[in-house]
Amino acid sequence: MTTEGARPLTLDVLTEQESTGLLVRRLGGRIAAEPAAAAEIVAATGRLPLALAVVAARVADHPSFSLQVFAAELRPAGALLHALEDGDARRILSWSALALTDGAARLFRLLGLHPGPDLTLDAAAALAGAPEPAVRPLLRELTRLHLLTEHSPGRYLFHDLLRAYAADLVRTSEPPAERGDALERLYDHFLHRAHAAAVLVQPQWPAVTPVPRLPANSGEHVRDADTALAWFAAEHQVLLRTVAQAERHGFEAYSWQLAWALTAYLAPHGLWQDQRVVQETALAAAERAGDPAGQAMACRLLARAESRLGDLGAAESRLRRSLDLYARLGDANGQAQTLHNYVELCYMDGRLAEALRHGDDALRLYRLSGNRDGEARTLNAIGWLHAAGGDYERAIESCSQALERQRHAGDRNGQAATLDSLGFAYHHLARHDRAVTSYEEAVALFRASADRYHEAETLVRLGETLLATGDARRAEDVWRRAAVIFDALGDPEADSVRERLALVREP
């Protein structure tokens, strides 16, 4: 029952200027004295009139306190709803909920289970366990009453206050079994779409076998590699949160398998910090589930992130554990993949002879397991090691074998990596025309497969070859392109590239 005289209320938001004006009217000169803290309070309240009014009242009750104190109070997740308790926020929010139809009210509660930061129609349908056409009008109803905002076409956003309220409602109103079923449907939805997208983006990777699809799952929406990459880009932050949430709620297989699928997007984009976080979560999930295959996979993928982030000692420990787990499982293909990663680590640590031994072992195991794509990629890795050791002719021989197989298989990303290796070998043999041709083809293939990190690495080497031919102008151009990519990825290598540019420009 609501209190006497209660009526449905829609919650629209103010503009930033209107929000600041509301605070000025309530707090006067304190706003001008601390504009940054005031702006943070406005942002934290999402410009909701109710939230601003209650927070302003609380600030007014403590005239000696700095605004920064209140801004800091609102930073933690869920802090806003807690801060509004004295303002009767829950009761007022309930009036908006009372204006909903039963179906929209149930959907609003279930959306409190979504990890955020935003959601789509198909995810909402998965939570509701209903077809998308039946859920679409419910989302329209929620947006019409300002309980959701369609912040971009097809993507819906909760304000933190409303998300916290929905999460509270679902905990208190939905039975535990209903909540568990809704979460399982959501994780099933994300896992099977991410798995299909990963296979399209990286078709040469041996895929994990996912948890069987739930009967209610409507299937994959991605159709090709470009669609898959666009989906990953749109859902990137949601998937990161879903990996963590699935592990917390005891859906361990969904957590580590989704982390595997997300690697197809994170690794080519050089998002190694994200990759380390999700694989740490995946490893914890697989350990809790007692799943040795999941542990081996997570250890291997975590090791690659750690090595790229410079923690070679931790990475080597993970790789050794992964090799042991795969050996116990009798998984030759998994052992080969791990040894391939070990090659990279040893190269980064300056242990070329050991790297070559691991490469030979990986090649043998790939052949034993019949993985011709892995065999070709390892031939390229071995070729790179020969080039790094100064045996450029042998490097070209090994890489040429790899490239022939990769062209036949249509492995675009593998071809790009091998062409980069060939460019390196040709450069050091002073066959600069061949080097430039190889590098340029590698750059185009890396770009076509959205592998921005390795595109930038190859652009750096292309610039070196162009400079060796006396073409400083083109060298500057490709180094600028590399710096832009590294900057976009947040990779410190951008500073090294800018140092090269500065040296070229010096008179």
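Computed from a predicted model, the values in this text were never measured in an experiment. Side chains included, hydrogens not; waters and symmetry mates left out as well; all remaining heavy atoms used.
Atom-to-atom distance recorded for Leu345:CG and Leu319:CG is 6.0 Å, nearest 0.5 angstrom. Distance check, rounded to the nearest 0.5 Å: CG of Leu365 to NE2 of His358 gives 12.0 Å.
When each of Gln279, Gln275, His340, Glu344 is tested with Arg304 by the rule side chain to side chain donor-acceptor pair (under 3.5 Å), just one qualifies, namely Glu344.
Considering only heavy atoms from C-beta on, Leu186 comes within 4.5 Å of Pro115 through its side chain.
A centroid separation of 6.0 Å or more is found between the aromatic rings of Phe232 and His236. Ring pair Phe158/Tyr165: centre-to-centre distance not below 6.0 Å.
Of the N and O atoms on the side chains of Tyr366 and Arg372, not one donor lies less than 3.5 Å from an acceptor on the other residue. Remark: the Tyr326 side chain and the Gln337 side chain contain no N/O donor-acceptor pair separated by less than 3.5 Å. Between the side chains of Asp451 and His454, at least one donor N or O sits under 3.5 Å from an acceptor N or O. Using modelled atom types and a 3.5 Å distance limit, the side chains of Thr227 and Asp224 yield a donor-acceptor pair.
Residues passing the side chain to side chain donor-acceptor pair (under 3.5 Å) test with Asn333 are Ser369, Asn371, sequence neighbours excluded. Looking at residues two or more places apart in sequence or on another chain, you find no side chain to side chain donor-acceptor pair (under 3.5 Å) involving Ser307. Under the side chain to side chain donor-acceptor pair (under 3.5 Å) criterion, Arg276 pairs with Gln273, sequence neighbours left out.
No donor-acceptor pair closer than 3.5 Å links the side chain of Ser322 to the backbone N or O of Arg318.
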Starting from the C-alpha separation in whole Å, work towards a yes-or-no answer on side chain to side chain contact (heavy atoms under 4.5 Å, CB included) for Leu258 and Tyr187. CA-CA 9 Å; Leu258 183 56; Tyr187 301 151; over 6 Å; no
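For residues 282-297, the salt bridge (Lys or Arg N to Asp or Glu O under 4.0 Å) pairs, not counting sequence neighbours, are Glu247-Arg288, Glu287-Arg321. Each salt bridge (Lys or Arg N to Asp or Glu O under 4.0 Å) pair with one or both residues in residues 177-188, not counting sequence neighbours, would appear here, but there are none.
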Listed pairs under 3.5 Å, donor-acceptor, residues 118-129 side chains, sequence neighbours left out:
| unit_1 | atom_1 | unit_2 | atom_2 | d |
| --- | --- | --- | --- | --- |
| Asp118 | OD1 | Arg155 | NH2 | 3.0 |
| Asp118 | OD2 | His151 | NE2 | 2.8 |
| Asp118 | OD2 | Arg155 | NE | 3.0 |
| Thr120 | OG1 | Asp122 | OD1 | 2.4 |

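Between Trp260 and His195, the ring planes lie tilted relative to each other; the angle falls in the 30° to 60° range.
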